[in-house]
2 protein chains.
Amino acid sequence: MAAVARAATTSDAFNAIAEPQRRDILALLRAGEWPVTDLARQLSMSQPQASKHLRVLREVGLVRVREAGKQRLYGLDARGLRPIHEWVGGFEQFWNESFDRLDSYVQDLKQARQED
Amino acid sequence: MAAVARAATTSDAFNAIAEPQRRDILALLRAGEWPVTDLARQLSMSQPQASKHLRVLREVGLVRVREAGKQRLYGLDARGLRPIHEWVGGFEQFWNESFDRLDSYVQDLKQARQED
DNA sequence: TTGACGCATTCCGTTATGGGAATACGATGG
DNA sequence: CCATCGTATTCCCATAACGGAATGCGTCAA
């Protein structure tokens, strides 16, 4: 049992931001708090879909809710993105180096081809 | 038809790195190139699993292969991580600000509670 | 109280996942 | 040519994703 097929989107921030629409939501929330309906309209998604995505973001702690009468204002809590930034940042030195590696790789290929 | 349930892991780097083991692979590859079997042993995963994950990483361009006789040496190509780093970096200013927002949020709650 | 509004949840269907086991494939060595 | 090693692929399973449609539920206004 529990033959995990794929980690739940709510398992961590990495999974949560794998979905483009959720990234859009987060980006939008940089501008401030939004009620669900407006947010949905802004991003051209159905209200239920917005609610579902917001739920995921809430469960991984990337988003916060505030009750305001009938509405629920969602706001950004970007702290959960920091670990991601740091993890990816650990590869920064390789972004440029990669070019060189690829170059030498390509040259190896050429050379190998000539040796045939 | 084509009722996309969830974006394929091979759809982009965001999805590819959502899987912890694939992140482990990338981290390991910072040390250099590795043949599949060694890599699998290092990370305590089966050879087929390693091959599968490497395939995903290859398809999104985060990894490169080089034939070396019987072996296949996998190497890092971190360039695909840059867009991620930049996207997440777009939230950097909010990591700290979030604290303040959360504080005021908590204070709102306290205040509301006192008003009951 | 009733109605309307804002949002969350549930149900359904299709798709793809990641793990295990078995197997197919290509290159090398004898 | 055959056995073997290193990899990739295939099949099967259980899980859960995301989207749409329908519905539940709490809040506010009349």
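Numbers restart at 1 for each chain; the letters A, B, ... are given by sequence-line order, proteins then strands.
- Every residue two or more places apart in sequence or in another chain was checked for a side-chain hydrogen bond (donor to acceptor under 3.5 Å, both in side chains) with Gln21(B), and none qualifies.
- When the side-chain hydrogen bond (donor to acceptor under 3.5 Å, both in side chains) test is applied to Gln47(B), the partners found at least two apart in sequence or on another chain are Ser51(B).
- Glu86(A) is linked by a side-chain hydrogen bond (donor to acceptor under 3.5 Å, both in side chains) to Arg82(A), counting only residues two or more places apart in sequence or in another chain.
- For Asp24(B), the side-chain hydrogen bond (donor to acceptor under 3.5 Å, both in side chains) test picks out no residue, with sequence neighbours left out.
- Rounded to 10°, the angle separating the first-five-pair axis and the last-five-pair axis of the helix from dT1(C)-dA30(D) to dG30(C)-dC1(D) equals 10°.
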Summary of protein contacts for nucleotides 20-30 of chain D, nucleotide by nucleotide, where a base hit scores B, a sugar-phosphate-only hit scores S (4.0 Å, heavy atoms)
BBB----BS--

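- Residues meeting the salt bridge (charged side-chain N to carboxylate O under 4.0 Å, His left out) test with Arg22(B), sequence neighbours left out: none.
- Scanning residues 34-44 of chain B for heavy-atom distances under 4.0 Å to DNA chain C yields an empty list.
- By the ring pair (Phe, Tyr, Trp, His ring centres under 6.0 Å) test, Phe91(B) is found to be paired with Trp87(B), residues two or more places apart in sequence or in another chain being considered.
- The distance between atom CG of Leu54(A) and atom P of dA8(C), rounded to the nearest whole Å, is 7 Å.
- Regarding Glu59(B), its CD atom lies at a distance of 13 Å from the C1' atom of dA16(C), rounded to whole Å.
- Residue pairs meeting the salt bridge (charged side-chain N to carboxylate O under 4.0 Å, His left out) criterion with at least one member in residues 40-60 of chain B, sequence neighbours excluded: Asp38(B)-Arg41(B), Arg55(B)-Glu59(B).
- The ring-ring contact (aromatic ring centres under 6.0 Å, His included) contacts involving residues 49-76 of chain B comprise nothing, where partners must be two or more places apart or lie in separate chains.
- Proximity of residues 6-26 of chain B to DNA chain D (heavy atom under 4.0 angstrom from any strand atom) is restricted to Arg6(B).
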